[in-house]
There are 2 protein chains.
Amino acid sequence: MPRRSLSHEKRREFLPILAKAFAELSYRRTTTAELARRCDVRENILYRLWPDKKAMFIAAIDYVFDLSAKTWGAILAECKTPAEGASRLLEYEARHHGEFGHHRIVFAGLSETDDPEIRAALRRMFGRFQRFLANQIETSRGRKSSKSAAEPAMIAWAMLGLGTAANISRELDLLTGAQRRRLIGQMGELLLSHSAA
Amino acid sequence: MPRRSLSHEKRREFLPILAKAFAELSYRRTTTAELARRCDVRENILYRLWPDKKAMFIAAIDYVFDLSAKTWGAILAECKTPAEGASRLLEYEARHHGEFGHHRIVFAGLSETDDPEIRAALRRMFGRFQRFLANQIETSRGRKSSKSAAEPAMIAWAMLGLGTAANISRELDLLTGAQRRRLIGQMGELLLSHSAA
DNA sequence: CCGATGTGTAACTGTTCACTTACATTATGA
DNA sequence: TCATAATGTAAGTGAACAGTTACACATCGG
């Protein structure tokens with residue numbers, strides 16, 4: 001058995017490049033030729049690492065989630081109370097949301113939901129994000145959560161909507177950076193405050 | 001000068017069909033052949049009514065906005081006070097949001113924002129929706145708006161985000177119909193109540 | 001009834017693109 | 001050192017698709 005495979009390493013090496021390409025060009029306009037060019041290899045080499053273009057796209061979706069989850073986890077690790085974590089997270093998002101253009105991968109995916117595998121990948125991603133947020137909200141509200149407090153799940157969805165609105169407004173140049181920060185900061189605060197009401 | 005043109009009528013006749021096709025298939029996967037098939041004509045006939053496929057898509061975007069604006073206007077016309085209008089609107093959206101699948105046209109457009117014309121069409125659409133909502137919020141809060149009240153523009157964006165989150169959760173089957181109604185209803189109420197705080 | 005123009009049919013074209021095949025080269029374990 | 005499998009190069013294939021062209025027919029004003 002000669003020459004052990006470097007496939008795993010190569011996959012990891014190429015993943016950020018794929019993600020960037022899909023973010024910049026969306027799914028359909030990203031040609032496999034372009035992907036190969038950016039990775040500085042031939043097309044068939046990519047086809048040895050992934051079965052087809054769709055698999056490359058799904059790998060990019062998962063990569064984006066993993067990256068976000070890692071960042072969020074790091075922020076939370078630095079915080080003492082869950083409540084502090086929630087507002088630190090919000091502040092971070094208000095400042096950096098959409099910075100890497102990764103939300104464009106989500107937009108691209110959302111127009112390919114007819115494909116069951118892409119759909120499943122997005123489901124996984126949104127589901128995880130939503131659960132992550134809901135958990136954070138749940139644990140950050142003290143024991144004193146009254147009956148009037150809204151469900152964490154709903155608040156989590158509203159927060160996801162807030163982030164998406166921020167991304168759309170950025171994508172279409174409808175809000176300035178400062179306005180987007182106010183949007184996420186103020187509205188997020190509003191939602192959070194009511195989660196503990 | 002024989003035989004006056006029926007182009008205008010034809011365009012209006014085909015528009016809902018185009019919109020439906022783009023909503024179901026997204027932009028790239030909607031072929032001009034498929035559009036022609038659904039309209040029960042040949043391709044070149046569509047090309048006499050619109051210069052190219054992109055123009056057909058943009059026409060569909062505008063059509064979707066016009067349709068929504070008309071519905072919203074009708075609801076508002078039935079209401080006495082702006083405040084009643086706001087909550088009726090919310091209730092209506094909670095119940096019917098995304099019903100026609102038109103949000104999928106927006107998703108499709110959001111992955112084609114590299115094209116300046118498509119981008120402009122989306123900008124127009126989101127801008128109008130946001131202004132519509134902001135206006136409604138502005139006029140619905142009484143004279144008694146305190147300093148602590150959030151900016152209508154931000155609340156309007158948050159509402160758009162809420163609608164988008166609802167659409168995503170519907171698209172990916174992550175929330176049931178009842179849950180989506182609660183999401184828009186409760187969270188929308190929350191945002192609105194603070195607009196008048 | 002004639003000629004101009006609108007409407008319809010049918011076939012075609014040139015390109016783009018996902019994916020493949022054939023073959024050369026290189027590194028490794030036995 | 002040699003068989004073996006990984007890695008790389010280059011060219012190609014077949015299908016899909018946006019947009020076009022050529023031509024037949026219908027309808028109307030003059």
Side-chain angles (χ1 to χ4, degrees), chain A residues 1-15 17-61 105 108-109 111-112 114-118 121, chain B residues 1-15 17-19 21-22 24-61 105 108-109 111-112 114-118 121:
Chain A
M1 238 196 271
R3 206 172 179 182
R4 74 200 189 289
S5 170
L6 297 173
S7 296
H8 281 74
E9 288 82 344
K10 283 290 177 193
R11 261 189 284 266
R12 271 201 318 187
E13 178 189 342
F14 291 154
L15 251 182
I17 303 175
L18 299 191
K20 189 150 182 281
F22 282 121
E24 286 174 12
L25 300 169
S26 176
Y27 181 61
R28 297 276 156 175
R29 302 191 344 178
T30 301
T31 66
T32 52
E34 173 69 11
L35 288 177
R37 200 188 58 72
R38 290 182 181 223
C39 293
D40 201 29
V41 292
R42 306 274 161 182
E43 290 185 61
N44 63 333
I45 291 183
L46 293 183
Y47 279 100
R48 284 188 193 141
L49 299 175
W50 290 278
D52 52 24
K53 184 185 165 186
K54 196 168 65 177
M56 305 177 203
F57 182 58
I58 289 174
I61 292 178
I105 292 185
S111 58
E112 302 291 333
D114 288 330
D115 183 284
E117 298 180 51
I118 292 180
Chain B
M1 236 195 278
R3 206 174 180 180
R4 73 196 190 292
S5 170
L6 298 173
S7 297
H8 281 75
E9 287 81 344
K10 283 290 178 192
R11 259 189 286 266
R12 272 201 318 188
E13 177 189 344
F14 291 155
L15 251 182
I17 303 175
L18 299 191
F22 283 121
E24 286 175 12
L25 300 170
S26 176
Y27 182 61
R28 297 277 157 174
R29 302 191 344 179
T30 301
T31 66
T32 52
E34 174 68 13
L35 288 177
R37 200 188 58 73
R38 290 182 181 224
C39 293
D40 201 29
V41 292
R42 304 278 161 177
E43 290 185 60
N44 64 333
I45 291 183
L46 293 184
Y47 280 101
R48 284 185 192 143
L49 299 175
W50 291 278
D52 51 25
K53 184 185 164 186
K54 196 168 63 178
M56 303 177 204
F57 183 57
I58 289 174
I61 292 178
I105 292 184
S111 57
E112 302 291 332
D114 287 330
D115 183 283
E117 297 179 53
I118 292 180

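Note: hydrogens, waters and symmetry copies are ignored here, and every other heavy atom, side chains too, is used. The shown structure was predicted, so the numbers you read here are calculated from the model rather than taken from an experiment. Throughout, a chain's letter reflects where its sequence line sits, starting with A, and its residues are numbered from 1.
Between B:Asp40 atom CG and B:Ile45 atom CD1 the span is 9.5 Å, to the nearest 0.5 Å. Expressed to the nearest 0.5 Å, how far CD of A:Glu112 lies from CD1 of A:Ile118 amounts to 5.0 Å. In this structure, OG1 on A:Thr30 lies 8.5 Å from CZ on A:Phe57, to the nearest 0.5 angstrom.
Scored by the side chain to side chain contact (heavy atoms under 4.5 Å, CB included) test, B:Arg37 finds B:Glu34 as partners (sequence neighbours excluded). Scored by the side chain to side chain contact (heavy atoms under 4.5 Å, CB included) test, B:Thr32 finds B:Glu43, B:Tyr47, B:Lys53 as partners (sequence neighbours excluded).
The interatomic distance linking A:Ile45 (CD1) with C:dT25 (P) rounds to 16 Å, in whole Å. The nearest whole Å value for the distance from the NZ atom in A:Lys10 to the P atom in D:dT7 is 8 Å. The interatomic distance linking B:Glu13 (CD) with C:dT7 (P) rounds to 12 Å, in whole Å. The separation between B:Arg42 atom CZ and D:dC17 atom C1' is 17 Å, rounded to whole Å. Between the P atom of D:dA6 and the CG atom of A:Leu49 lies a distance of 12 Å, rounded to the nearest Å. Computed from coordinates, the A:Arg37 CZ to D:dT9 P distance equals 15 Å when rounded to whole Å.
By the 4.5 Å heavy-atom criterion applied to side chains, A:Glu24 and A:Lys20 are counted as neighbours.
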Quick tally for nucleotides 17-23 of chain C: nucleotides whose base has a protein heavy atom under 4.0 Å get B, sugar-phosphate-only ones S, the rest -, giving SBBBBB-
